Amino acid sequence: MALALAAEGPIWPLGVYFVLVVVLAAGILAFSYVLGQRHRQQATDVPYESGMTPTGGARLRFPVDFYLVAMFFVIFDLESVFLFVWAVAVRELGWAGYVEVLIFMAVLLAALAYLWRSGALDWRASGSKPAPDKERGQ
Amino acid sequence: MSQTTFYILLIVVLLAALLTMAAGLIFLERRLLALWQERYGPNRVGPFGLLQVLADIIKLLTKEDWVPRFADRPVFVIAPAIILVATMLSFAVVPFAPGLCVADLNIGLLFFLAMSSLSVYAVALAGWSSNNKYALLGSMRAIGQMVSYEVFMGLSLMGVVAMTGSFRLSDIVAAQERMWFVFPQFAGFAIFFIAGLAETRRLPFDLPEAENELVAGYHTEYSGMKFALFFLGEYVGITLISALIVTLFFGGWYGPWLPPVAWFIIKTLIFISSFILLRGSLLRPRYDQLMAFGWKIMLPLSLVNLAAAGAAVLLKDH
């Protein structure tokens, strides 16, 4: 299998297409900049918060769960890339490769099971993590 | 016709078709939703309300092109452009008929996955640069959701890759001449469809812009054509996911009697309509349910599906 980036036809159309798409997006933005109206009123420069006067900026602290999800994504997406490589060469690698991939997947699933059990996949409102059911009943 | 003219023509036609498609989908969606909800939908401008889209475009173009003072100006302007560029670029690798493809890359499927990941940036940057609480909350939800569903979106397609032995989309279509991959890879299809819904942030996965709690989520502060670019990106995204479902699972251009391109378009339109029907019929889940569904059910399921597909391929060959 060739390692280089190869297309059935020539590769330059991709470049032309990319340039044209960027030009299109820039053109739409420029066009509306020229055609658009302008106005200034009392509340123009206030962030929209359903008509309330905003208190404080939007640089808030938000739940750490989002950060956790980002970490899981890096871990699992990176691991899935190894599976991509295997998938394209299943036939060449045969059963030996298959068993190795099964072990790899088992490790992946074990990591997922660990995250599941430790409660990392359960989404709760911040600051209101309830105690496990057993303890709550007592 | 020389090769150069052929490709230039193809690119221009593709761009025009995509823009028409995205604009037409807004009309189609409103009419279909109206049909299913027993009302008329837009029917005032032009015959059957067909010119409604044109009227909308003129309106959006003359709306104020507003960049809030409190926003991060360059990022705020670039964000909506990213989503359009990323989704439109993916179409470069989609084969519409034999030989009818802008660039039939040998890594076509990886190219699509890479480009669809890029649209996360648009949402993240839009929400952050708006400096608005609703926008921030919406974009945080969107990032969490898109990133989670992306993990198994790629994995769900690997069953198809294992059966074909290639990332090239035209090879994958050619391998389906006898049997569509939806039959041996139904689980893969179902997982990809659900992940595609989440990636395009369509109902039932439209929590990032849930109107009744977050106003409009990450595009709360956007107006005029920048606001429209997000929708253009969304509708091109729906077309893209539908086109890929057709390419990967429903035999792409194959079909009797009609020319290949016609079959491709018909099949794609069927899936686009199903996207709209889903919007008209399903409820929005809670955010914790959405995340739990992705990580606890879909991810293990896609791994099991891939393992089964690999075993099936090897059993057939050896």
Side-chain angles (χ1 to χ4, degrees), chain A residues 2 5-11 13-14 16-18 20-22 24-26 28-29 31-33 35-39 45 47-50 54 57-60 62 66 69-70 72-73 76-77 80 83-84 86-91 94-95 98 101-102 105 108-109 112 116 121-124, chain B residues 3 7 11 15 61-65 68-70 77 81 84-85 88-89 92 102-107 131-134 136 140 143-144 147-148 150-151 154-155 158 161-162 165-167 170 215 220-221 224-226 229 287-288 291-292 295-296 299-300 303 306-307 310-311 313-314 317-318:
Chain A
L5 184 72
E8 201 83 334
I11 201 127
L14 185 62
V16 174
Y17 185 65
F18 175 71
L20 279 181
V21 168
V22 171
L24 180 79
I28 291 175
L29 286 175
F31 205 50
S32 75
Y33 180 77
L35 284 179
Q37 320 159 18
R38 301 272 183 278
H39 87 287
D45 285 329
Y48 179 77
E49 280 183 22
S50 310
R59 299 290 181 253
L60 314 161
F62 42 84
F66 287 109
V69 167
F72 299 158
F73 167 71
F76 283 96
D77 211 39
S80 71
L83 293 176
F84 288 12
W86 166 72
V88 79
V90 176
R91 288 190 178 83
W95 285 110
Y98 183 71
V101 157
L102 274 193
M105 276 187 197
L108 234 150
L109 284 173
L112 190 68
W116 193 332
L121 300 179
D122 295 319
W123 202 276
R124 293 191 200 95
Chain B
Q3 202 190 33
Y7 278 110
I11 289 169
L15 279 177
L61 272 175
T62 53
K63 284 279 172 187
E64 181 168 14
D65 183 50
R69 280 278 182 79
F70 48 86
V77 175
L84 185 73
V85 171
M88 283 193 119
L89 269 183
V102 174
D104 201 4
L105 299 179
N106 58 353
I107 51 154
N131 211 344
N132 175 310
K133 287 169 197 131
Y134 286 126
L136 181 75
M140 276 305 144
I143 299 166
V147 142
S148 301
E150 203 175 290
V151 173
L155 281 177
M158 288 311 123
V161 172
S166 171
F167 285 127
S170 59
V215 187
T220 302
E221 291 292 348
M225 216 53 202
K226 288 203 208 65
L229 275 183
Y287 195 68
D288 62 326
M291 297 303 270
W295 286 103
K296 292 179 180 172
L299 180 59
L303 282 173
L306 178 57
V313 168
L314 287 174
D317 273 24
H318 296 285

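Values below: every heavy atom of this structure, side chains too, minus hydrogens, waters and symmetry copies. On a predicted model such as this, the values are computed, not experimentally measured, just so you know. Protein chains get the first letters and strands the later ones, always in sequence-line order, with residue 1 at the start of each.
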Heavy-atom closest contact ([X] atom, [Y] atom, distance):
X       : Y       : answer
V102(B) : P13(A)  : O-CB, 3.3 Å
Y17(A)  : I11(B)  : CD1-CG2, 3.7 Å
Y98(A)  : A311(B) : OH-CB, 3.2 Å
E64(B)  : R38(A)  : OE2-CA, 3.9 Å
R91(A)  : G165(B) : NH1-N, 4.2 Å
L314(B) : G94(A)  : CD1-O, 3.6 Å

- Heavy-atom pair count under 4.5 Å with chain A, highest-scoring of K133(B), M88(B), M225(B), Q3(B):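 Winner by heavy-atom pair count: K133(B).
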
- Query: L84(B), L136(B), I143(B): which one forms the most heavy-atom pairs within less than 4.5 Å of chain A?
  - Reply: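 The residue among L84(B), L136(B), I143(B) with the greatest pair count is L136(B).
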
Counting only non-hydrogen atoms closer than 4.5 Å, does [X] touch chain B with its backbone (N, CA, C, O), its side chain (CB onward), both, or neither?
X      : result
I28(A) : both
V21(A) : both
F66(A) : side chain

- Quick one: are F84(A) and V161(B) in side-chain contact, heavy atoms under 4.5 Å? no

- Query: Should L229(B) and L29(A) count as side-chain neighbours, where that means a heavy-atom distance under 4.5 Å?
  - Reply: yes

- Under 4.5 Å, counting heavy-atom pairs only, tell me which of L108(A), L24(A), V101(A) racks up the most with chain B.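 Most pairs with chain B among the choices: L24(A).
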
- List in chain and number order the residues that pass ring-ring contact (aromatic ring centres under 6.0 Å, His included) with Y287(B), two or more places apart in sequence or in another chain; answer none if no residue qualifies. W123(A)

Structural part of [X] lying under 4.5 Å from a heavy atom of chain A:
X       : result
L155(B) : both
L306(B) : both
L303(B) : both
F167(B) : both

- Message: For a side-chain contact (heavy atoms from CB on, under 4.5 Å) check, start with the C-alpha distance between M158(B) and L83(A), then their side-chain angles and the critical distance, and finish with the verdict.
- Response: CA-CA 8 Å; M158(B) 288 311 123; L83(A) 293 176; 5.5 Å; no

Interatomic spacing from [atom1] in [X] to [atom2] in [Y] - rounded to 0.5 Å:
X       : Y       : atom1 : atom2 : answer
Y33(A)  : D65(B)  : OH    : CG    : 7.5 Å
K296(B) : W116(A) : NZ    : CH2   : 6.0 Å
L299(B) : F72(A)  : CG    : CZ    : 11.5 Å

